[in-house]
Amino acid sequence: MFYPKLETTKPRLLPMSVLTVAAPLVKDGFSVKIIDQRAGDDWKSVLARELKDKPLFVGFSSKTGKQIMNALEASHLVKETSDVPTVWGGVHASLLPAETLKNKFVDFVIVGEGESPVLKLAQALREKKSYEAIDGLGYKKGNDVFYNPQKTFVNLDEAPEIPYNLINIENYIENYSFATGKPGRNIAFYTSRGCPHRCGFCYNKEFNKSKWRGESAERLVERMKKLVKDYGITAFEIEDDEFFVDMNRAKKVCEFLIKEKLNIEIFTTCRVNYVQQRMDDDLLKLCFEAGFKSLAFGVESGSPRVQKMMAKDITNEQVFDTVRRLKKAGIGSKYYFIAGAPTETIKELYETADLIRAMKKTDPDIIIPPWRIFTPYPGTELYASSRELGFKPPKSLEEWSDYDFRKIKMPWISKKARSVIQNGIYSISFLSLQNKGGKSFYFRLSRIYGKTVDFRWKMRWFYFPEKHFIFLIKKIKHEIYG
Ligand code: SF4
């Protein structure tokens with residue numbers, strides 16, 4: 001199994017897509033090797049060495065963008081130096097199976113969750129049997145490509161144990177808690193798959209058919225206990241699409257964690273409408289006691305029209321309610337925004353800036369990362385509307401591998417809107433610093449800078465040429481955040 005590099009080189013998140021697929025293979029007696037391109041080894045030599053043993057196949061994870069570029073390079077090497085088949089899985093291959101299969105370096109694709117089709121494919125190849133009827137598998141026959149849809153989802157309570165022994169887990173443990181920033185041993189963790197919501201930019205509706213599946217509270221807390229015991233983990237970054245969908249399960253998780261006295265810190269995802277409608281102050285208190293020290297929310301836009309167009313199903317009133325009540329409960333919070341959605345106007349971008357400033361005034365300690373740029377991913381609702389507005393999608397794996405908003409001109413984003421968006425990306429973190437302590441020269445400089453950002457946003461002066469100051473901004477960020 002090969003996990004190609006993403007945009008950054010530092011390995012932090014576990015290569016979960018390959019670990020979960022490896023689990024049933026290991027259970028069935030197959031020998032599995034995981035090569036994580038991010039881990040810094042000489043991956044080409046390692047891959048070449050493994051190919052000499054003639055594995056049944058090499059599996060690749062594929063996420064739109066750089067990961068495809070790296071998967072293509074490794075697949076090329078496999079096809080050039082051996083007759084071992086390549087199997088591509090992951091979100092991109094699942095959403096565009098036919099296009100992925102058309103690439104000469106790809107022999108099979110996995111559509112949807114990989115556990116069952118990969119195991120069945122391995123068994124078929126080992127026993128030299130037909131694989132054509134395997135659900136969730138795509139294959140080639142002559143010049144034609146075929147794929148069978150995924151029919152069932154994995155029952156997470158029956159999934160085999162994650163084979164952490166196949167990787168060097170220390171490569172994936174951060175030395176600080178993602179929830180609080182304090183020193184610790186932090187690891188990524190997963191407790192559910194999918195999401196029942198319908199956000200128009202999200203892969204979930206297509207990939208997970210809007211179906212949320214959660215592991216039971218009992219089992220997931222047992223797994224946490226084991227990680228604490230075996231690897232000294234003190235902090236978990238739960239990377240679920242949406243952890244709190246089943247509130248009874250969430251309550252049980254909290255109760256078990258308190259009973260077990262695990263003394264861990266947790267960061268995970270939530271929704272502002274959940275906080276307002278389904279989480280009373282007692283539940284927030286319980287979450288805090290159990291270790292949930294920080295929650296992340298997608299707000300995406302300050303404009304009700306854009307929120308509606310994105311099918312967020314939230315309101316700004318819920319946003320403020322969440323900011324206030326999480327502060328009261330002592331739980332840190334982080335809010336994500338997306339800029340540049342189809343038809344979004346400059347006025348609506350200003351509404352986002354206004355909302356952020358107002359949220360910061362309500363609680364200066366909230367974290368607002370740089371705005372993410374809207375990207376029309378295949379299979380999402382907004383992908384279709386983007387195409388109607390003139391967006392021309394890439395047509396091959398090679399083109400998708402270079403899919404980067406900074407290089408693509410979305411027809412609906414004017415030059416002026418681009419300046420506002422870039423300002424939101426480069427200077428937003430300084431808004432957080434305007435009220436913070438810290439005596440160093442760079443801290444003082446960033447406080448002054450933060451106040452100018454607040455003032456300029458208020459006055460709608462978004463056309464400050466930030467890019468000429470990127471060096472200085474990076475230097476300040478480096479000095480403060482490391
Ligand atoms: S709530 Fe999050 S995971 Fe669910 S559809 Fe919206 S963006 Fe996707």
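Atoms within each ligand, like the ligands themselves, are counted from 1 in listed order. Side chains are part of it too, since the values below use all heavy atoms of this structure and drop only hydrogens, waters and symmetry mates. All values derive from a computational prediction rather than experimental measurement.
Counted by atom type alone, N155 and R213 present zero donor-acceptor pairs between their side chains at under 3.5 Å. There is a side-chain donor-acceptor pair under 3.5 Å between T345 and E348. Side-chain contact of T180 with E265: a donor-acceptor pair under 3.5 Å is present, judged by distance alone.
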Show every donor-acceptor pair shorter than 3.5 Å between a side-chain atom in residues 331-339 and any protein atom, with sequence neighbours excluded, or say none if there are none.
| unit_1 | atom_1 | unit_2 | atom_2 | d |
| --- | --- | --- | --- | --- |
| S333 | OG | Y335 | OH | 2.9 |

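Note on C202: counted as a metal contact of atom 8 (Fe) of ligand 1, an N/O/S atom lying under 2.8 Å.
Close contacts between ligand 1 and R271 involve ligand atoms 1 (S) [criterion: under 4.0 Å to a heavy atom]. The ligand atoms of ligand 1 that sit less than 4.0 angstrom from a heavy atom of C195 are 1 (S), 3 (S), 4 (Fe), 5 (S). Listed by atom number, the atoms of ligand 1 under 4.0 Å from D241 heavy atoms are 3 (S). Ligand-side atoms of ligand 1 in range of C199: 1 (S), 5 (S), 6 (Fe), 7 (S), range being under 4.0 angstrom from any heavy atom.
Using a 4.0 Å cut-off between a side-chain N of Lys or Arg and a carboxylate O of Asp or Glu, D354 and K347 do not qualify as a salt bridge.
The residue K205 has no part lying near ligand 1, judged by heavy-atom distances below 4.0 Å.
Residue, atom and distance of the protein heavy atom nearest to atom 3 (S) of ligand 1 are N204 ND2, 3.4 Å.
With a 6.0 Å cutoff to the six-membered ring centre and a 45° limit on the axis angle, R387 does not count as a cation-pi contact of F391.
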